[in-house]
Amino acid sequence: MDSEALKKYSALHPKPPGLTLQYGTAGFRTKAEQLDHVMFRMGLLAVLRSKAVASTIGIMVTASHNPEEDNGVKLVDPLGEMLHPSWEEYATQLANAEEQELQETVTDICQKAAVNQHKDASVFIGRDTRPSSEKLSRSVIDGISVLGGQYHDYGLVTTPQLHYMVCCQNTQGQYGKATLEGYYEKLSKAFMELIKKSPGSGESQRHLKIDCANGIGALKLSEMQPYLPKELLIHLYNDGTKEKLNYLCGADFVKVHQKPPRGLDMKPNERCCSFDGDADRIVYYYKDETGHFHLIDGDKIATLISIFLKELLAKVGQTLKMAVVQTAYANGSSTRYLEETLKVPVHCVKTGVKHLHHKAQEFDVGVYFEANGHGTVLFSKAAETKIRQLANEEKDNEKREAAKVLENMINLINQVADRRVIDTTDAERRAVTPPGLQEKIDALVKKYKLSRAFVRPSGTEDVVRIYAEADTQENTDALAHEVSLAVYHLAGGRGEPPQPL
Ligand code: 16G
Ligand code: ZN
């Protein structure tokens with residue numbers, strides 16, 4: 001390592017003294033102006049990680065669903081997974097080292113993680129459409145270059161696209177071609193195979209309105225359009241040409257407010273969906289003739305996919321183990337439906353894709369979705385081969401009885417002096433601190449039927465999140481408000497007490 005060069009370049013990306021940040025649920029995330037040094041240092045870390053595992057590593061500059069002023073960075077491991085948890089600590093260490101400690105910290109990480117400094121390093125970079133992203137990704141490049149790493153800058157890409165590139169590269173093309181063209185070809189081919197099996201769609205079902213959250217999704221979908229069958233008529237909204245990223249639109253907005261985004265005019269029974277800012281979440285929705293809004297969120301997507309896969313598996317035989325992985329946010333009735341009606345085991349893990357992904361890998365077929373629309377299905381090699389064979393032979397025998405899941409649930413946020421006073425356990429479903437809070441929540445939940453509630457400190461913003469569900473919307477609102485008051489009183493609420501909904 002050239003310590004003079006490191007010193008010189010680091011001085012171009014100085015760390016504000018005393019500032020400390022944490023590698024959170026999905027990397028570092030905060031106001032963009034605080035991130036320049038973090039980007040440079042994550043460039044360094046990516047090189048070390050690449051040397052340690054002798055593979056290409058990815059770096060994505062994005063703050064996903066956060067407001068436009070924020071930004072963030074996450075590292076992608078060789079098979080397109082999130083950075084291994086053992087390295088999150090190194091990331092935090094490196095981001096928080098004061099200028100004069102930087103060199104020593106790098107050396108320390110090399111020692112602890114047995115990094116062979118003489119190995120080559122290769123890093124793939126991607127970024128979202130935030131105004132700050134381009135400059136920040138140049139800081140990443142500075143970090144990579146100063147340690148002598150090679151890089152390929154994919155520029156504007158969605159988060160899933162960058163994960164895909166990394167995986168293709170490290171599997172020598174087995175997963176696909178590490179180009180955007182390769183990505184579009186792979187996805188459109190899979191899509192066309194899937195729709196061959198769907199019952200004849202009527203004219204109205206050919207249209208799909210897509211809210212792109214004013215983010216990268218619009219750009220990439222336009223590129224992908226020529227690869228899709230022409231029968232599919234895609235209409236893009238919130239394409240980022242006029243409004244701000246994630247502002248009053250996007251998957252998070254639709255999920256939290258249970259209403260369509262701004263700028264998307266929805267007629268009865270029209271099919272609509274929303275991405276988030278980096279296009280790694282999706283939720284679907286429509287309005288019925290009475291004007292009632294229906295959301296097909298991650299819970300429902302997981303349920304529908306499970307119905308479909310369960311039918312396939314029944315034909316393959318019972319040797320393949322299937323499970324669904326959810327988080328505490330999963331609507332209780334979706335969990336009951338999966339377990340009791342569909343007889344699929346359900347596991348609950350902490351918030352964040354990495355936790356779901358990790359658990360889902362334990363099964364032959366692991367379906368995972370967060371209620372907010374992050375998710376996918378993982379197949380073991382054996383399962384993939386068997387299902388492929390079957391799917392090819394399969395004649396349609398559709399009986400898609402959509403899961404009847406209750407929709408009464410609500411998400412609130414509370415401002416508190418220090419969100420870390422809340423510590424949770426049991427996949428974030430129970431609070432261990434502050435004292436008395438969980439007991440209070442238990443007592444409140446008991447007052448209502450089919451009810452659940454939990455609170456957790458956000459991993460991406462300075463707020464406490466509150467979730468509640470119950471048999472009716474009225475009871476759900478009441479429960480959410482009561483839990484919110486309990487947080488306010490027991491966890492150091494700021495400002496005025498929360499008002500009834
Ligand atoms: C991040 C996570 C997402 C999670 C969200 C929770 C990834 C790629 N993203 O965006 O899965 O739902 O954080 O945010 O893991 P919160 O902690 O602020 O509620
Ligand atoms: Zn996202």
Side-chain angles (χ1 to χ4, degrees), residues 22-30 58-68 70-77 80-85 88 126-130 133 157-164 166 211-217 220 245-246 249-256 273-283 297-299 302 325-330 348-360 368-376 410-416 419-420 422-424 427-429 454-467:
Q22 189 85 32
Y23 197 94
T25 314
F28 293 99
R29 230 180 252 189
T30 184
I59 291 201
M60 182 74 193
V61 176
T62 179
S64 185
H65 65 280
N66 284 42
E68 185 167 285
D70 289 6
N71 216 322
V73 57
K74 45 192 174 191
L75 266 67
V76 179
D77 254 358
E81 291 153 328
M82 299 292 187
L83 177 66
H84 195 274
E88 290 185 3
R127 64 170 198 270
D128 72 11
T129 55
R130 281 163 210 271
S133 293
V157 282
T158 69
T159 291
Q161 285 177 334
L162 185 75
H163 285 254
Y164 166 87
V166 173
D211 156 32
C212 299
N214 290 316
I216 184 76
K220 297 297 141 179
L245 181 74
N246 293 332
C249 62
D252 204 49
F253 175 87
V254 173
K255 167 78 185 156
V256 171
C273 66
S274 286
F275 289 135
D276 69 344
D278 59 340
D280 65 350
R281 293 189 190 187
I282 193 164
V283 294
D297 61 4
D299 298 342
V325 186
Q326 301 184 317
T327 71
Y329 285 101
C348 183
V349 299
K350 289 206 278 189
T351 303
V353 171
K354 62 189 176 199
H355 300 297
L356 291 114
H357 190 91
H358 187 71
K359 187 73 194 173
Y368 75 79
F369 267 90
E370 289 189 306
N372 64 25
H374 276 126
T376 191
I410 192 157
N411 288 286
L412 298 179
I413 54 172
N414 262 32
Q415 309 281 349
V416 295
R419 71 192 199 277
R420 286 168 302 183
I422 297 184
D423 196 9
T424 64
E428 301 173 315
R429 287 174 292 189
F454 65 88
V455 302
R456 54 179 281 278
S458 160
T460 63
E461 291 173 77
D462 191 16
V463 294
V464 172
R465 300 208 192 277
I466 293 157
Y467 174 92

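Side chains are part of it too, since the values below use all heavy atoms of this structure and drop only hydrogens, waters and symmetry mates. Both ligands and their constituent atoms are indexed starting at 1 by order of listing. Residues: numbered from 1 along the sequence shown.
The shortest contact between atom 13 (O) of ligand 1 and any protein heavy atom is with Thr460 CG2, 3.4 Å. The protein atom (non-hydrogen) at minimum distance from atom 8 (C) of ligand 1 is Met82 CE, 3.4 Å. Closest to atom 6 (C) of ligand 1, if we only count protein heavy atoms, is Thr351 CG2, 3.6 Å. Of the protein's non-hydrogen atoms, Glu370 OE1, 2.5 Å is the one closest to atom 11 (O) of ligand 1. Among protein heavy atoms, the minimum distance from atom 15 (O) of ligand 1 is reached at Val353 N, 3.0 Å. Distance from atom 17 (O) of ligand 1 to its nearest protein heavy atom, with residue and atom name: Gly459 N, 2.5 Å. The single protein non-hydrogen atom nearest to atom 19 (O) of ligand 1 is Arg465 NE, 2.5 Å, given as residue, atom name and distance.
By the 30° and 60° cut-offs, the orientation of the rings of Tyr23 relative to Phe28 is perpendicular.
Rounding to the nearest 10°, we obtain 90° for the angle at the Zn ion (ligand 2) between Asp280 OD1 and Asp278 OD1.
When heavy-atom distances to ligand 1 are checked against a 4.0 Å cut-off, Glu428 has no atom that comes that close, whether in backbone or side chain. Here Asn372 has side-chain heavy atoms under 4.0 Å from ligand 1, and that is the only part of it that gets that close. Of the heavy atoms in Ser458, both backbone and side-chain atoms come closer than 4.0 Å to ligand 1.
Inter-residue side-chain proximity for Glu428 and Thr327 is flagged as unmet; no heavy-atom pair is nearer than 4.5 Å. When side chains are defined from C-beta on, Asn71 counts as touching Val61, because their heavy atoms get closer than 4.5 Å. Residues Lys255 and His65 fail the side-chain proximity criterion, which asks for heavy atoms closer than 4.5 Å. Residues Asp280 and Thr158 form no side-chain contact, since every pair of their non-hydrogen atoms from C-beta on lies 4.5 Å or further apart.
Nearest N, O or S atom of Asp276 to the Zn ion (ligand 2): atom OD2.
In summary, of the residues considered (Asp252, Asp276, Asn246), a side chain to side chain donor-acceptor pair (under 3.5 Å) with Ser64 occurs for Asp276 alone.
Looking at Asn66 and Arg29, their side chains do bring a donor and an acceptor atom within 3.5 Å of each other.
Those atoms of ligand 1 that come under 4.0 Å of a heavy atom in Arg456, given as number and element, are 16 (P), 17 (O), 19 (O). Counting atoms of ligand 1 from 1 in the listed order, those under 4.0 Å from a heavy atom of His65 are 10 (O).
For a distance bound of 2.8 Å, the N, O or S atoms of Ser64 include one lying that close to the Zn ion (ligand 2).
Taking only nitrogen or oxygen atoms, main chain and side chain alike, Thr25 does not reach within less than 3.5 Å of ligand 1. Residue-to-ligand polar distances place His374 within reach of ligand 1: an N/O pair is separated by less than 3.5 Å.
Between the OG atom in Ser133 and the CG atom in Asp128 there is a gap of 4.0 Å [rounded to 0.5 Å].
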_One pair to check against ring-ring contact (aromatic ring centres under 6.0 Å, His included): His357 and Tyr368. What are the steps and the verdict?_
CA-CA 7 Å; His357 190 91; Tyr368 75 79; 5.6 Å; yes
**Request:** Evaluate the criterion side chain to side chain contact (heavy atoms under 4.5 Å, CB included) for residue pair Tyr329 and Arg456; output intermediate values, then yes/no.
**Result:** CA-CA 11 Å; Tyr329 285 101; Arg456 54 179 281 278; 3.0 Å; yes
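Around atom NZ of Lys220, more than 12 heavy atoms belonging to other residues, nucleotides or ligands sit under 6.0 Å away.
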